[in-house]
Structure formats: structure tokens, C-alpha cells
There are 2 protein chains.
Amino acid sequence: MILSHMEQYQSGLDGIFQALADPTRRAVIGRLGRGPASISELAEPFEMALPSFMKHIHVLERSGCIITRKDGRVRTCAIETAALAIVGDWLSAQRALWEGRTDRLEQFLAEATDPKETPR
Amino acid sequence: MILSHMEQYQSGLDGIFQALADPTRRAVIGRLGRGPASISELAEPFEMALPSFMKHIHVLERSGCIITRKDGRVRTCAIETAALAIVGDWLSAQRALWEGRTDRLEQFLAEATDPKETPR
DNA sequence: CAAACGCTTAGCCATTGCGCTTAGTATCTC
DNA sequence: GAGATACTAAGCGCAATGGCTAAGCGTTTG
């Protein structure tokens, strides 16, 4: 298991998931997947004011999902794949837990003849 | 590609990521990975009051990460792996974007010799 | 039947999140 | 050097989040 991830970011899962919980920020990640871009370039598709957009960038940067660098007056952003790898690692760990446990789960579902909320 | 996920839950990514952004809720997911459990059983490891804990359960249920059923006075919870699969799908889609693009990204990183605004 | 149990509802409170505007600062460009 | 450009800082408003307590409600147990 790659521990560098765990040590650095394990406690950062909060921030990473939080960062990814917003459609604007996920769209930014999507755009950056095709290569680095400047702030205004990233902001262009969105209707919101630039300072509002900047907050999203900060959230992404603080969480470690992106890295940025300023050259002159232009700040360039790039995706930081390590953060998404952390999510992938967590997902794998979860999957490892419930795999081979479908027996119990199916049993639970089979018994659920009442839809969701049993009438009182 | 399995589209049923995309159609049903694509707009639910907000809720799923939001649900996973809390350590208590991730711990619940972890516990449920080992099999279904009742509310009080799930709440036991946590210091918070039961109504506070219930809010986490509701967040998890609304997001689709878990399903619950009430038998008598006991509500049993189980993990809903489909929600985590949605996250996995999204992650894969992102990975697909930035894979084969390491050239550009490495170039960006190589140029980042300026330690002024470079986060870690 | 009464008491204990397992939630569940309602509402309070402090903090955070996400949008806005207004007003900077620091580069370019001419 | 003046003006445009590309952010950046500060602060406002409102809704949502995450904790709490107090009280209620149906179910099981003695």
C-alpha cells in the first residue's frame, strides 16, 4: 500500500470530498483534466462574479485538488491527481469491505418488503 | 458503459460527495461495509447525542449512500453500494481525461520553480 | 398496565458556505 | 505614464450544516 498518500492526505478526505461536492468545482476539475488554464479562462463558462469563482478555486487549492502558480498577473491552475487518488484509495478500501458480503446485504434487501418507511 | 447510474444519480453527485465529506458519516459507511446495523448500534462509538447522529443518518439516506428499514422500534441501516459506484464512475471519467496528458502537467510542474505561491 | 427502549420531532445556536458588490493591487500594453 | 487587464481583499446577506436539549411516540418487556 502506498503510504505517502495516507500520511499526507488521510485526514484531508474531508476537504477533498467537500471540494468535490460542488458542481462548479467538479466542472473546473473536468476542465483542468484537459490541461492547465488561467483563472479567467476557467471562470469564463460560469455566470458568477469573479470573486465568487475565486472562492471555488481556493477551496480546490486548499483541499489539494489543484495547484496554482502565478506568473506576472496571471494565475495558472493545474489538476493535482494525487488528491483524486486519495479518493480512489478510500473507495477501494470500502469496496474491499463489502465485497464478499453480498450474502448479508441481499438477505437484508429480501426482507425489505415494506418500501422504506413502515407505516406506524 | 452502464447508463442507469449516470441518469439516475449524475445530478446526485453533489449529495453523495457532501455526505462523504464528514468523518462521522464515512465511519458509518465503513461500519456498514461489514454488514447492516441498527441506529443505536451505529451511534454507539460516537460521543454525540442521538438526534445529532440521526441527522448524519438522514444525510446518508437522502444522498442514497445507505438504505434503511424499520422493524418494530428498530431501524436497520445498510450500505447502498450503487452510490459509491457513482463516485467510482466519476473518478474513472476524470482519470480518463488526464491520462496521457502527463506531458503537459509535468511541464507545468517543471516550470514551477517559483516557491513564492507554491502550496504543498 | 407500567416502565424501559429506540428512535423521532421540534427548535435553538454558532459556524460555514456560496453568492454578491465595491474597491483595491500588481502587471502588461500602448 | 495612462489605461486596460487579471486577479485579490474586504465585507454583506442568506441558507445550510452540525452540534445541543427537551419532549413525544410507538414497541417491547416485566
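Quick note on labels: first sequence line is chain A, next is B, and so on, each numbered from 1.
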Just list the side-chain donor-acceptor pairs under 3.5 Å for residues 41-52 of chain A, sequence neighbours left out, or say none.
{"residue": "E41(A)", "atom": "OE1", "partner": "S38(A)", "partner atom": "N", "Å": "3.3"}
{"residue": "E41(A)", "atom": "OE1", "partner": "S38(A)", "partner atom": "OG", "Å": "3.4"}
{"residue": "E41(A)", "atom": "OE2", "partner": "R31(A)", "partner atom": "NH2", "Å": "3.3"}

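- For F53(B) against I39(B), the heavy-atom pair with the smallest separation is CE2-O, 3.8 Å.
- Nearest approach of G15(A) to S63(A), heavy atoms of both residues: O-CB, 3.4 Å.
- For dC5(C), the OP1/OP2 oxygens have no side-chain nitrogen or oxygen of S40(B) closer than 4.0 Å.
- Distances from the side chain of R73(B) to the nucleotides dT27(C), dC7(C), dC5(C) place dC5(C) closest.
- What you find for T68(B) and C77(B) is that their closest heavy atoms are CG2-SG, 3.8 Å.
- In this entry the distance linking CZ of F46(B) with P of dG18(D) reads 14 Å, nearest Å.
- Taking the side chain as every heavy atom from C-beta outward, L97(B) and I29(A) never approach each other to under 4.5 Å.
- Side-chain contact check for H56(B) versus V28(B): every heavy-atom pair is 4.5 Å or farther apart.
- Ring planes of F17(B) and W90(B): perpendicular class, angle over 60° (limits at 30 and 60°).
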### Query
Would you write out the dot-bracket form of DNA chain C, 5' to 3', with Watson-Crick and G-U pairs under 3.5 Å, [ ] for crossing pairs, | for pairs to other strands and . for unpaired bases?
||||||||||||||||||||||||||||||
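- The side chain of K70(A) places an N or O atom within less than 4.0 Å of a non-bridging phosphate oxygen (OP1 or OP2) of dT8(D).
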### Query
What does nucleotides 17-23 of chain C look like as a protein-contact string, B for base, S for sugar-phosphate only, - for none, at under 4.0 angstrom between heavy atoms?
-BBBBB-
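- With a 4.5 Å cut-off on side-chain heavy atoms, V87(B) and L20(A) do not count as touching.
- Minimum interatomic distance between A19(B) and L60(B) (heavy atoms only, all atoms of both residues): CB-CD2, 4.2 Å.
- Put simply, CD on E61(A) is 13 Å from C1' on dT8(D), counting in whole angstrom units.
- Nearest to the side chain of S38(B), among dC7(C), dC7(D), dG26(D), sits dC7(C).
- Atom-to-atom, CE of M54(B) to P of dC20(D) comes out at 14 Å; the value is rounded to the nearest Å.
- For the pair R75(A) CZ and dA26(C) P, the interatomic distance rounds to 14 Å; values are reported in whole Å.
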